[in-house]
Amino acid sequence: MSIIETLKSRRAVRNYEPHEVEEDKIAILLEAATWAPNDRLREPWHYYVIRGEAKQRYQNMALEYLEERFPAKPNLVKESLTVLQNTPLIIVVTSDVIPGDEASSEDNEYAVCCSIHSMWLAARELGLGLVWRTRGIGLVRDERLNRFIGSPENRKVIGTIFIGYSSSETPNTKRMSFTEKTTWL
Ligand SMILES: Cc1cc2nc3c(=O)[nH]c(=O)nc-3n(C[C@H](O)[C@H](O)[C@H](O)COP(=O)(O)O)c2cc1C
């Protein structure tokens with residue numbers, strides 16, 4: 001498949017088969033992610049791999065968050081937990097924050113976004129499904145997730161990546177024509 005075909009056929013995959021992702025495939029994903037472009041080769045990413053017992057702890061943390069955030073929506077809490085239970089692998093990705101250097105810190109975040117996209121495309125090649133989550137059970141903006149990964153100083157969480165073997169047909173999404181998003185000056 002050409003790069004352009006891969007780009008166009010990449011989808012957010014949210015439902016997975018109940019089996020683990022092999023460690024060698026996780027390594028390929030992570031290695032691909034580190035080849036993303038990054039300003040001044042700061043390589044500003046860090047990946048926290050969560051599975052097995054750590055995933056159980058993630059679930060407990062998410063349950064606490066969901067019950068606090070949606071006290072009147074027990075069904076939503078239950079469904080969200082089921083999604084977590086059915087996700088074999090979670091990777092939290094952070095970006096290095098450079099104290100006193102806002103511009104470089106921002107550039108680091110852009111690089112980490114590229115890194116996550118690389119991982120997404122690599123997953124496609126490996127036959128894995130992946131979705132980048134920030135909201136809800138992605139917990140990206142919740143302080144609990146920082147504590148969960150050990151409260152590393154000067155690392156900002158950019159994404160929580162859910163990965164597994166796809167269990168269902170993923171619906172196609174559409175994009176507007178680039179002509180509507182482009183101004184030729
Ligand atoms: C920064 C970012 C945050 C996202 N957060 C979520 C999320 O919290 N939950 C979710 O289900 N999908 C999330 N997604 C996936 C998008 O919803 C998905 O890419 C979009 O629906 C388009 O579908 P496609 O990627 O299959 O074309 C996120 C994607 C990006 C880039």
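The shown structure was predicted, so the numbers you read here are calculated from the model rather than taken from an experiment. First listed ligand is number 1; within each ligand, the first listed atom is number 1.
- Of all the atoms in ligand 1, the ones that sit under 4.0 Å from a non-hydrogen atom of Arg10 are 24 (P), 25 (O), 27 (O).
- Contacts between His117 and ligand 1, counted as non-hydrogen atom pairs separated by less than 4.0 Å, are absent for every part of the residue.
- When only non-hydrogen protein atoms are considered, atom 27 (O) of ligand 1 lies nearest to Thr173 OG1, 2.6 Å.
- Remark: minimum distance from atom 3 (C) of ligand 1 to any protein heavy atom is reached at Thr134 OG1, 3.5 Å.
- Under the side chain to side chain contact (heavy atoms under 4.5 Å, CB included) test applied with Thr94, the options Ile149, Leu145, Asn146, Ile158 reduce to a single match, Ile149.
- Geometrically, ligand 1 and Ala12 share a nitrogen or oxygen pair separated by less than 3.5 Å.
- Salt bridge Glu68/Arg144: present, at least one basic N to carboxylate O contact under 4.0 Å.
- Asn75 and Glu79 share no side-chain donor-acceptor pair at under 3.5 Å.
- Each of Tyr47, Trp45, Tyr110 was scored for a side chain to side chain donor-acceptor pair (under 3.5 Å) with Ser115, with one residue passing: Tyr47.
- When each atom of ligand 1 is checked for a heavy atom of Arg11 under 4.0 Å away, the hits are 24 (P), 26 (O), 27 (O).
- Evaluated by nearest non-hydrogen atom to atom 19 (O) of ligand 1, the leading choice among Trp120, Phe162, Trp132 is Trp120.
- Contacts between Val131 and ligand 1 below 4.0 angstrom, taking non-hydrogen atoms only, involve the side chain exclusively.
- Using a cutoff of 4.0 Å between basic side-chain nitrogens and carboxylate oxygens, Glu23 and Arg51 are scored as salt-bridged.
- The residues Arg155 and Asp96 are annotated as salt-bridged, a charged nitrogen and a carboxylate oxygen being separated by less than 4.0 angstrom.
- The nearest heavy-atom contact from the protein to atom 7 (C) of ligand 1 is Arg135 NH2, 3.3 Å.
- Taking the six-membered ring where the residue is Trp, Trp120 and His117 present perpendicular rings, their angle passing 60° and hence far from 30°.
- With hydrogens left out, the protein atom closest to atom 11 (O) of ligand 1 is Arg14 NE, 2.7 Å, a heavy atom.
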